[in-house]
Amino acid sequence: MPELPEVETIARSLREGAQGGVSLLGCHFTSVQVSWERSLATPSIGELEHRIIGRCIVDIGRRGKFIVFSLDRDWLVFHLRMSGDLRVEPLIGDDHLIKPLGPYDRASFTFSEGVRLVFEDTRKFGRIWLVDSVDRMMSNLGPEPLDPVLTPEIFHQRLKSRHRQIKPLLMDQSFLAGLGNIYTDEALYLARVHPLRRSDSLEFPEAELLLSAIRQVLRQGIKSNGTSIDWVYKGGSFQNTLQVYQRTGESCRRCGTLIERIVVGQRGTHFCPVCQVLDPQ
DNA sequence: CATCAACCCTGAGAGC
DNA sequence: TGCTCTCAGGGTTGAT
């Protein structure tokens, strides 16, 4: 389930060709294939083809959990949701034939440089967009948690301006861009904030601590190349650092109390009932 | 504005 | 062994 660190890791390897991979910078599109129509949010397949063939990739980055390809005209944007992934591979296999796509490959973009970019997505929740304004598309996204322009003062003000349970608020992408279930649970634990606390009940020092906890888990996640949980995302090692996520019934590493699991905003939520107290509500 | 439920999907794991 | 059932999970949408 890619969150900010996983998306950052994938975007980085597409851009820099990390771990033996190939950088896509400068590549030119020669064809597009979409095998599951609903993976393409916009435009139509015909228009996508028409607008993208011949375009060149100028940059590859991330905004929230979106992977953004800046082309010499338009932007190609991916959201991996639960099970999506992007991989780059040679178009031609060892048998000198064009490699067939796998059963979970939903779209493929080939380049004049002899490689292709494959969007695979087992659960079909991921989406692809080709847009002429990435700013308009992202206009509802909240601030980047790692961006220094988000000061503790501003963060505290934003928390104060709402009256919501803290966990669903942190996962609300229009409030803050990039946190998902795993890193939210971890950050709340690190900051000793109960997931059901009301956002406007946090005093400034708590908000400051929470923001720094969020940054700490995200930075550590990026350094670990993300979290490999279940069969969905592979390659990262942050799962070895998890303090509460999927540790229900195991001991808190700070106080030994058993980690509890509750449902908050329809999401499985893991916390230590002793370290993360609810009292001010 | 906040909360909740349904929906989109599939593989995995449990129960039988 | 193999079937059926339930569940997770991000984000959108619609109801309360």
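Just so it is clear: chains get the letters A, B, ... in the order the sequence lines come, proteins before strands, and each one is counted from 1.
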query = In chain order, what residues pass the ring-ring contact (aromatic ring centres under 6.0 Å, His included) check against Phe66(A), with sequence neighbours excluded?
reply = His79(A), Trp129(A)
inquiry  = So, does Arg38(A) get its side chain near the phosphate of dC8(B), meaning an N or O under 4.0 Å from OP1 or OP2?
reply    = no
ask   = Does a distance-only test, which skips hydrogens and angles, find a donor-acceptor pair under 3.5 Å between the side chain of Arg127(A) and the base of dG11(C)?
value = no
ask   = Is the CZ atom of Arg73(A) crowded by more than 12 outside heavy atoms at less than 6.0 Å?
value = no
task = Output yes when at least one side-chain N/O atom of Lys124(A) is less than 4.0 Å from OP1 or OP2 of dT10(B), else no.
result = yes
inquiry  = With a 4.0 Å cut-off on N to O distance, would you call Arg38(A) and Asp121(A) a salt bridge?
reply    = no
query = What about Gln165(A): does its side chain form a donor-acceptor pair under 3.5 Å with the base of dA2(B)?
reply = no
query = Hey, does the side chain of Tyr245(A) come within less than 4.0 Å of dG9(C)'s phosphate (OP1/OP2), counting only N and O?
reply = yes
message = Just N and O in the side chain of Arg162(A): are any of them under 4.0 Å from OP1 or OP2 of dA2(B)?
response = yes
inquiry  = Is it the case that over 12 heavy atoms from other parts of the model lie below 6.0 angstrom from the CD1 atom of Ile262(A)?
reply    = yes
inquiry  = OP1 or OP2 of dG11(C) versus the side-chain N and O atoms of His79(A): is any pair under 4.0 Å?
reply    = yes
request  = Give the nucleotide from the list dG9(C), dA2(B), dG11(B) with an atom nearest to the side chain of Thr122(A).
outcome  = dG11(B)
inquiry  = Both Trp36(A) and Pro168(A) contact DNA chain B. Taking the nearest nucleotide for each, which residue is further toward the 5' end?
reply    = Pro168(A)
request  = Taking only the side-chain heavy atoms of Gln266(A) (C-beta and beyond), determine which of dT10(B), dA6(B), dC1(B) contains the nearest atom.
outcome  = dA6(B)
task = Considering just the side-chain nitrogens and oxygens of Arg123(A), establish if one lies under 4.0 Å of OP1 or OP2 belonging to dC8(B).
result = no
task = Verify the stacking flag for Phe125(A) against dG10(C): centroid separation must be under 5.5 angstrom and the ring planes must differ by under 30 degrees.
result = yes
ask   = How close or far is atom P of dG11(C) from atom CG of Leu176(A), stated in whole angstroms?
value = 12 Å
note = Looking only at dG11(C), dA2(B), dG11(B), the nucleotide nearest the Tyr104(A) side chain is dG11(B)
Rounded interatomic separation in angstrom, taking CG from Leu80(A) and C1' from dC9(B) = 16 Å
key: Aromatic Tyr189(A) / basic Arg253(A) pairing, under 6.0 angstrom, 45° off normal   = no
query = Under 4.0 Å between a side-chain N/O of Arg261(A) and OP1 or OP2 of dA8(C), yes or no?
reply = yes
task = Rounded off to whole Å, could you give me the CZ-to-C1' distance for the Arg106(A) and dT10(B) pair?
result = 9 Å
